Trainee: 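Once you've had a glance at the structure underneath, I'll fire off some questions.
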Amino acid sequence: NAGVTQTPKFQVLKTGQSMTLQCAQDMNHEYMSWYRQDPGMGLRLIHYSVGAGITDQGEVPNGYNVSRSTTEDFPLRLLSAAPSQTSVYFCASSFTGTGTFYGYTFGSGTRLTVV
Amino acid sequence: SQQGEEDPQALSIQEGENATMNCSYKTSINNLQWYRQNSGRGLVHLILIRSNEREKHSGRLRVTLDTSKKSSSLLITASRAADTASYFCATENSGNTPLVFGKGTRLSVIA
């Protein structure tokens, strides 16, 4: 049982390049989300999804796109990388339920540097 | 925007001592969760407390929740060097909304 798998673990991009951060989970979780973590800022929500075909914006969505074509995968696309997007990116997943609460399972993160 | 605010930002204790971290939040919640993050790793879920609960235990962890004061505390008893990590509180404000995380408390346990 792999849990949440993020690839790549490290990436260096030049300003203006695009790329996709991959996230896959094998726990049949309906809910998936992307956070970025910057020093002193905690985790900030970028985008999230409550099921296949459904996505929504979080606190800091600008410059990022997502799609959810399957339950397992939730890729994050950087359209035109900027130095301000240098960060550590975490994908998380969870079951959802009415009246029942679940903790998140996090991936190990992608450390992205934009130069 | 940050919902939870942890206090202190950093804490250094000796092995065997107890560690207490606090979290304050601003709006009503469905539940509050605590996570641990070891350096360079992802977050790990520790414990969840519902808004109608006041206290929960899990091993050496004790979490309290005071909804009237909009605050929670995480107590780690008999701390070990392996407890060295950052600890985050996170709140779910209403049904199935994403968790909002605080900025974390960095705990150092000195052997």
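These figures come from a predicted structure and were not determined experimentally. Below, each value reflects all heavy atoms present in this structure, side chains not excepted, and no hydrogens, waters or symmetry copies. Each chain gets a letter, A, B and so on, in the order the sequences are listed, and its residues count up from 1.
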Trainee: Okay, side chain of B:Thr91, backbone of B:Leu32: is any donor-acceptor separation there less than 3.5 Å?
Mentor: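 No, because the side chain of B:Thr91 does not come within donor-acceptor range (under 3.5 Å) of the backbone of B:Leu32.
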Trainee: For B:Leu99, which atoms come within 4.5 Å of any heavy atom of chain A: side chain, backbone, both, or neither?
Mentor: both
Trainee: With side chain to side chain donor-acceptor pair (under 3.5 Å) as the criterion, how do B:Ser71 and B:Asp66 come out once you've worked through the C-alpha distance, each side chain's angles and the decisive distance to 0.1 Å?
Mentor: CA-CA 5 Å; B:Ser71 67; B:Asp66 187 335; 5.1 Å; no
Trainee: Sort B:Leu43 into side chain, backbone, both or neither according to what part of it lies under 4.5 angstrom from a heavy atom of chain A.
Mentor: both
Trainee: By a 4.5 Å heavy-atom criterion (distance strictly below it), what part of B:Gln9 contacts chain A: side chain, backbone, both, or neither?
Mentor: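 Interface part for B:Gln9: neither.
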Trainee: Ignoring hydrogens and angles, state whether a donor on the side chain of B:Asn22 or B:Thr20 is under 3.5 Å from an acceptor on the partner side chain.
Mentor: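 B:Thr20 and B:Asn22 do not have a side-chain donor-acceptor pair below 3.5 Å.
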Trainee: Might you point out which heavy atoms bring A:Val4 and A:Cys91 nearest each other, and give the distance in Å?
Mentor: CG1-O, 3.9 Å
Trainee: Need one label for A:Tyr35: side chain, backbone, both or neither, based on atoms under 4.5 Å from any heavy atom in chain B.
Mentor: side chain
Trainee: Does any backbone or side-chain atom of A:Gln6 lie under 4.5 Å from a heavy atom of chain B? Answer side chain, backbone, both or neither.
Mentor: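 Contact with chain B: none, neither part.
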Trainee: Measuring heavy-atom distances to chain B, does A:Tyr104 have an atom under 4.5 Å in its side chain, in its backbone, in both, or in neither?
Mentor: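 Answer is both: backbone and side chain atoms of A:Tyr104 are under 4.5 Å from chain B.
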Trainee: Which label fits A:Tyr48 and A:Tyr31: parallel for a plane angle under 30°, tilted from 30 to 60°, or perpendicular past 60°?
Mentor: tilted
